[in-house]
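Notes follow once the structure below has been shown.
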Number of protein chains: 2
Amino acid sequence: MAYAKVEHDVVIDKLMEVFRSSGYDGASMATLAQATQLKKASLYHRFPQGKEEMAHAVLRYVATWAKSRIADVPVVSDSTPEDRLDTALKAIDELYDGGRLDCILRALSHGSAANLFQKEIGAIFETLIRSFKHLALEFGHNEQQAQQLANELMVKIQGTLIVQRSLGQPSMFKAMLAEMSAKFMKTHF
Amino acid sequence: MAYAKVEHDVVIDKLMEVFRSSGYDGASMATLAQATQLKKASLYHRFPQGKEEMAHAVLRYVATWAKSRIADVPVVSDSTPEDRLDTALKAIDELYDGGRLDCILRALSHGSAANLFQKEIGAIFETLIRSFKHLALEFGHNEQQAQQLANELMVKIQGTLIVQRSLGQPSMFKAMLAEMSAKFMKTHF
DNA sequence: GTCTATAGCTAGATAGAC
DNA sequence: GTCTATCTAGCTATAGAC
């Protein structure tokens, strides 16, 4: 590639920001160009298929993020399960800026994008669920409990983002993460 | 009004269908006209402020629905709390067609609509939460438990709709409603 | 109240200079 | 790789006949 890799990452990050806040249909080429500080024609040079290719690139970035920040935490670390859960949930908290930001996966799941990225988005959700399920197993939960906890975490992340926004109560997200953390650590006897 | 009221309701229903599936930004006047079987100019006659006024009308309709189908259930009925909870949750299940449909409140909460309808949408969420909290109190839950259960139900409705769609597992929504129903009925001692 | 027709604009996308 | 300039299609919105 002829352009610097770091700059490409910055472009991806800016594209993600626009898709996340505006949605796929709400993100225009003009907006995306302004955010990346590139002209529209330059964006088409990097992403010949336009918006759709940009969204794919963003989702590849998110998939990489999920693997490195969530899935690979148990692998690279030799710390306790408590530490690894804390690290993973802190990454989630950071990703959504304490619940203030929309979820990019949801933003690319609706409107005219409903069927375009379904497969990639589903795979990312599955990666996240599998990762948190493994963590739950480490705490001593059985197979079914671990699966339920991981599913519940995903559901509550998505649901809390929506309800918190609509109710204007910015404390819900962090409270939910703390509550779910306690649920993971508390094995039932 | 010069047009029949029943027809107006049909128009509102079709508008809601488009906003829900396409989102606010994805819903074009052409699409809205086609869905209502009216021409664009006729839509502007009924809704002089265009899309924004249509969305407001849809949200007024949803607020009425929430009051009549959820909030007023305890009032109009002299049945048991179990029956009333069942009726309310069946209304929710019907509203989302078993989790297959997007939530209109979420569809009108993002993109360029993010700040346009926040107040109305928040009020509808509050109505729903208040209603389910009252139901929880009837089952003997204390103030704090009832509030938590009602919040959890809202969060799980929204979150399950998203996760179910992305994972392609259409059974999650009904299972979640059944699980939450059990939680409402089971008072902790 | 409904329609046809159209104005004025912005969308996504491309050509071609540098 | 980046840019200016431009195309066509679709968008919101309105004028005015019936």
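Numbers restart at 1 for each chain; the letters A, B, ... are given by sequence-line order, proteins then strands.
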For [Y], does its backbone N or O pair with a side-chain atom of [X] as donor and acceptor, under 3.5 Å?
{"X": "B/Thr160", "Y": "A/Val155", "answer": "no"}
{"X": "A/Gln164", "Y": "A/Gly99", "answer": "yes"}
{"X": "A/Glu138", "Y": "A/Pro81", "answer": "no"}

Which residue pairs pass the ring pair (Phe, Tyr, Trp, His ring centres under 6.0 Å) test with at least one member in residues 48-87 of chain A, sequence neighbours excluded?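 For residues 48-87 of chain A: A/His56-A/Phe117.
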From [atom1] of [X] over to [atom2] of [N], roughly how many Å is that when rounded to an integer?
{"X": "A/Gln34", "N": "C/dA11", "atom1": "CD", "atom2": "P", "answer": "11 Å"}
{"X": "A/Glu52", "N": "C/dA11", "atom1": "CD", "atom2": "P", "answer": "19 Å"}
{"X": "A/His45", "N": "C/dA13", "atom1": "NE2", "atom2": "C1'", "answer": "16 Å"}

In B/S/- notation, 5' to 3', how is nucleotides 4-18 of chain D contacted by protein heavy atoms closer than 4.0 Å? B------SBBBB---
How many angstroms lie between atom NZ of B/Lys156 and atom CD of B/Glu152, to the nearest 0.5 angstrom?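 The NZ atom of B/Lys156 sits 4.0 Å away from the CD atom of B/Glu152.
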